[in-house]
Amino acid sequence: MRTRRDDGVARRLVTSFYDRPTLTVAAELIGKVLVHRTRGGIASGMIVEVEAYIGEDDPACHAAPGPTARNAPLYGPPGLAYVYLNYGIHYLVNAVTEAEGSPAAVLIRALQPIDGLDLMVRRRSGGGRTLQETDLCRGPGNLTRALGITLQQNRADLREDTLWIEDRGLAVGNLVWGPRVGIRRGVEQPWRCAIAGHPSVSGPRPVLR
DNA sequence: CGTTCGATGCACT
DNA sequence: GTGCATCGAACGT
């Protein structure tokens, strides 16, 4: 799973990007491009929605119980991918942040599709559904499916491997912060960040006020 | 629009 | 056993 010359090396986010406070990384990941290259081709999209999960004191963070086999990547170096299976059905992808030993990550929740639209449609068309482009990568489980991300990408190094995040200098609109969705505890923290009014943002839209 | 609910695998108690 | 960082179909309004 090594890098090829054309794998966005010059634009890839580097260690110093991920090795910062998680809320800072979360905000700056908006507008960056998540890319996955497989044998089937390249698929990518601009990140439009994320959530931060920060440390063992965050009850919604997988590190809340302390170190385990599953959450080990969270304790690893910044710039790793943390992928896990949720509800037995969906794979969710995170970018590990902050220094090694400090468990935190940013969950990627939605993308605006850019490259490999046909590939994404093929991967998403499980039941003869008709999919709008804006729905292809709307929701954390949907985007991993569209990009072909599975447990195989867990612990992938976003700085070196065939799954990565790059900066194409894309413009983003206003950012909105709101409560994280789909969790029971830790609801108080407004650690979800999205592009205001973007059509690919999942779930309840954070209200701009 | 909205809400409810089943599918499904695995970490953790 | 229990409880999820979900999704989409099916139904109600």
| request: Not counting sequence neighbours, which residues clear side-chain contact (heavy atoms from CB on, under 4.5 Å) with Asn86(A)? List them please. | output: Tyr84(A), Leu92(A)

| Set of residues satisfying side-chain hydrogen bond (donor to acceptor under 3.5 Å, both in side chains) with respect to Thr24(A), sequence neighbours excluded | none

| message | Counting primed atoms plus P, OP1 and OP2 as sugar-phosphate and everything else as base, spell out the protein contacts along nucleotides 7-13 of chain B at 4.0 Å heavy-atom distance: B, S or - for each nucleotide, 5' to 3'. | response | BBB-SS-

| task | Rounded to whole angstrom, note down the P distance from dA5(C) over to dT13(B). | result | 14 Å

| Residue closer to the 5' end of DNA chain C, Asn142(A) versus Val106(A) (nearest nucleotide) | Val106(A)

| In whole Å, what separates the P atom of dT8(B) from that of dA10(C)? | 15 Å

| message | Restricting to side-chain contact (heavy atoms from CB on, under 4.5 Å), what partner residues turn up for Val96(A), sequence neighbours left out? | response | Leu80(A), Tyr82(A)

| said: Can you pull out every ring-ring contact (aromatic ring centres under 6.0 Å, His included) where at least one residue sits in residues 87-108 of chain A? Sequence neighbours excluded, please. | reply: none

| note | Excluding Ile89(A), membership of its hydrophobic cluster (Ile, Leu, Val, Met, Phe, Trp, Tyr; side-chain heavy atoms within less than 4.5 Å) reads none

| note | residues 142-174 of chain A vs ring-ring contact (aromatic ring centres under 6.0 Å, His included), sequence neighbours excluded, gives none

| task | Quick one: the dot-bracket string of DNA chain B, using Watson-Crick and G-U wobble pairs with both distances under 3.5 Å, [ ] for crossing pairs and | for bases paired to another strand. | result | |||||||.||||.

| Partner residues of Thr97(A) under the side-chain contact (heavy atoms from CB on, under 4.5 Å) criterion, sequence neighbours left out | Thr22(A), Val25(A), Ala104(A), Val106(A)

| request: Can you sort out which residues in residues 92-99 of chain A have a heavy atom within less than 4.0 Å of DNA chain B? Ascending by number, please. | output: none

| Quick one: side-chain contact (heavy atoms from CB on, under 4.5 Å) partners of Ala43(A), sequence neighbours excluded? | Leu119(A), Met120(A), Arg123(A), Leu147(A)

| Pairing residues for Asn94(A) by the side-chain hydrogen bond (donor to acceptor under 3.5 Å, both in side chains) criterion, not counting sequence neighbours | none

| said: Classify Ile183(A) by what it touches in the nucleic acid, base, sugar-phosphate, or nothing, heavy-atom distance under 4.0 Å. | reply: sugar-phosphate

